[in-house]
Amino acid sequence: MKIAIIHDDLMRRGGAEQVVLSMMKAYPQADLYTMCYQPDLTYVEFKQYKVHTSVFQKLVKTEKAMKMLFFPFGIISMNLLKIKGYDIVLISNTFGGKYVSVDSSSKVFIYTYTPFRLAWNPTSYTEYNNSSGIKRIAFDLVTSILRRIDAKAAKKGRYFMGMTKETAQRIKDAYHVDDVKIIHPPVKCDNFYQSDSPSDYYLIVSRLEFYKKVDLAIRAFNKLGHKLVIVGNGSKKEALKEMAKDNIIFKSGLPKEEIASLYANCKGFIFPQHEDYGITPLEANASGRPVIAYGQGGVLETMVPYTGNDQAATALFFKEQTEESLISAVQQFETLKFNPGFITAHAKKFDESVFVTELRKYIAENS
């Protein structure tokens, strides 16, 4: 059985790229295709594979340029990428993977993290929210076009997979499909470990973008005065650094060993966004560390919230996406004593081995 795996782009270090690496572990002989690939901008593990790219590779060298030129050049480039001669085409996708051309005889499986945000949820972008007049009209025209072509591209999928119940419903609503198989994204538990003596800092590991709500955490910790380490890159990095007081430290480009150490030794992990899934809270759990999370989205399916027994919980939820609510949660968190053993055991339910087994089973049952 000949298999192709397609992903939007390989120009960042994010959860979706980790999922692709796990897909390649499930099917190590698969051919890997993407819109554009910059080895120094994504995980080093991709260097062990032959990565086939579209002609867009010649146009862009950075993630920022890729986003600016995606409409229409990225879409056109993916349409020109011919995925021919494969029995199975597995598409890892948010915005670009499903635009490739495939044989009508191929069985197409689409793993969608969430329908393309710019098309289906433009208010998650600062630029859209800040637009008005002619600029807003242009935005609305582009999003309308994107919705049409995105929905049309999804029709090549025969089988759909999603991360959670919430994202599965979004997929059904956007693409008018009846059935979406839920397979939780993987956590590589072996990459993390427990520390016998955690330190006194809190931790965020995130892309620094508007919808990640890192600004909310910064405002809260500016008032609390507690140490906060923020690991990540993104378009809002400089603006966020300007907001932060001296108790908040920014780091980026860290090797996985240093990130594992930061997880293992933090007092707790802060997760202020409404995320489709959220691998980083599970990475914290794999390190035996509890999470303070906004209680919406993927964490409702991946975390065990504190409801009175701190020995049988992996997270403390705050109810409102405000700095006051987060501050109150941190203050309550300081009075609790979570059980690292329980937390780590829970994380193993989402281990990469579970993902690989479920993915192989689902594809085998439908091939």
Side-chain angles (χ1 to χ4, degrees), residues 14-23 92 94 111-114 161-171 180-194 202-207 211-214 217 231-232 259-260 262-264 266 268-307 309-319 321 326 329 333 336 338-359 362:
E17 289 70 38
Q18 292 187 42
V19 172
V20 177
L21 287 171
S22 297
M23 288 177 173
S92 162
T94 294
Y111 192 103
T112 299
Y113 303 97
T114 193
M161 294 169 280
M163 302 186 297
T164 62
K165 293 176 183 177
E166 180 177 319
T167 54
Q169 188 59 53
R170 290 185 207 162
I171 294 165
V180 178
K181 172 69 174 178
I182 297 173
I183 301 180
H184 295 305
V187 178
K188 298 177 181 178
C189 291
D190 289 345
N191 289 349
F192 305 96
Y193 63 90
Q194 288 187 31
Y202 290 86
L203 178 66
I204 289 176
V205 178
S206 175
R207 290 183 56 75
Y211 68 93
K212 296 295 187 179
K213 298 296 183 183
V214 178
V231 180
I259 292 176
L262 286 169
Y263 272 123
C266 72
F269 187 80
I270 307 298
F271 196 70
Q273 66 263 45
H274 179 163
E275 193 65 85
D276 303 322
Y277 182 68
I279 287 179
T280 52
L282 284 167
E283 291 178 339
N285 282 177
S287 309
R289 307 314 304 147
V291 176
I292 300 174
Y294 175 52
Q296 295 293 329
V299 294
L300 297 177
E301 294 184 42
T302 62
M303 298 288 108
V304 181
Y306 169 75
T307 57
N309 182 3
D310 54 10
Q311 295 300 292
T314 70
L316 174 66
F317 289 168
F318 59 98
K319 295 182 179 180
Q321 214 168 24
L326 175 54
F333 181 91
L336 304 176
F338 289 85
N339 183 340
F342 176 86
I343 292 172
T344 300
H346 174 75
K348 289 181 179 178
K349 298 176 183 178
F350 301 86
D351 187 59
E352 181 179 55
S353 60
V354 177
F355 173 85
V356 167
T357 298
E358 290 190 6
L359 180 67
Y362 181 66

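These numbers come from a predicted model, not from an experiment.
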Roughly how far apart are Lys349 NZ and His184 NE2, rounded to 0.5 Å? 11.0 Å

CD of Gln18 to CD1 of Ile279, rounded to nearest 0.5 Å, is 5.0 Å

Residues that Lys212 engages under side-chain contact (heavy atoms from CB on, under 4.5 Å), provided they are two or more places apart: Ser206, Arg207, Glu209, Val214, Gln273, Glu275

Evaluate the criterion side chain to side chain contact (heavy atoms under 4.5 Å, CB included) for residue pair Glu352 and Asp190; output intermediate values, then yes/no. CA-CA 9 Å; Glu352 181 179 55; Asp190 289 345; over 6 Å; no

Side-chain heavy-atom pair Ile343, Arg289 within 4.5 angstrom cut-off: no

Just by distance, do the side chain of Tyr362 and the backbone of Lys181 share a donor-acceptor pair under 3.5 Å? no

Report yes or no: does Glu17 contribute a side-chain atom to a donor-acceptor pair with the main-chain N or O of Gly14 at less than 3.5 Å? yes

Minimum heavy-atom separation for Ile171 and Gly162, please, with both atom names. CD1-CA, 4.0 Å

For the residue pair Asp310 and Asn339, establish whether any side-chain heavy-atom pair is separated by less than 4.5 Å. no

Minimum side-chain heavy-atom gap Lys165-Leu300 below 4.5 Å: no

Heavy atoms only: give me the nearest Val299-Pro281 pair and the separation to one decimal. CG1-CG, 4.5 Å

List the steps, then state whether side chain to side chain contact (heavy atoms under 4.5 Å, CB included) holds for Phe271 with Met303. CA-CA 12 Å; Phe271 196 70; Met303 298 288 108; over 6 Å; no

Minimum heavy-atom distance Ser92-Tyr113, with the two atoms named: OG-OH, 2.6 Å

Could you state the interatomic distance from OH (Tyr306) to CZ (Phe338), rounded to the nearest 0.5 Å? 8.0 Å

Residues which pass salt bridge (Lys or Arg N to Asp or Glu O under 4.0 Å) with Lys213, listed by chain and number, not counting sequence neighbours: none

Could you grab the distance from atom OH of Tyr294 to atom CZ of Phe318, nearest 0.5 Å is fine? 8.0 Å

Ignoring hydrogens and angles, tell me if any N or O in the side chain of Glu283 forms a donor-acceptor pair with the backbone of Phe192 under 3.5 Å. no

Contact check, side chains of Glu166 and His274, non-hydrogen atoms, under 4.5 Å: yes

Who are the side-chain contact (heavy atoms from CB on, under 4.5 Å) partners of Thr167, not counting sequence neighbours? Met163, Thr164, Arg170, Asp276

Check whether His346 reaches the backbone of Thr302 with its side chain - one donor and one acceptor, N or O, closer than 3.5 Å. yes

If I take atom OH from residue Tyr263 and atom CG from residue Asn191, how far apart are they, to the nearest 0.5 angstrom? 11.0 Å

Between atom CG of Leu282 and atom CG of Asp351, what is the distance when rounded to the nearest 0.5 Å? 10.5 Å

For Tyr111 and Ile183, indicate whether the former's side chain and the latter's backbone hold a donor-acceptor pair under 3.5 Å. yes

Test item: Pro186 and Val19 side chains (from C-beta on) under 4.5 Å apart, heavy atoms: yes

Asn285 versus Phe350: any side-chain heavy-atom pair under 4.5 Å? no

Test item: Leu203 and Val231 side chains (from C-beta on) under 4.5 Å apart, heavy atoms: yes

Between Phe342 and Ala313, the two heavy atoms sitting closest are CE2-N, 3.5 Å

Met23 vs Phe355 side-chain heavy atoms within contact, under 4.5 Å: yes

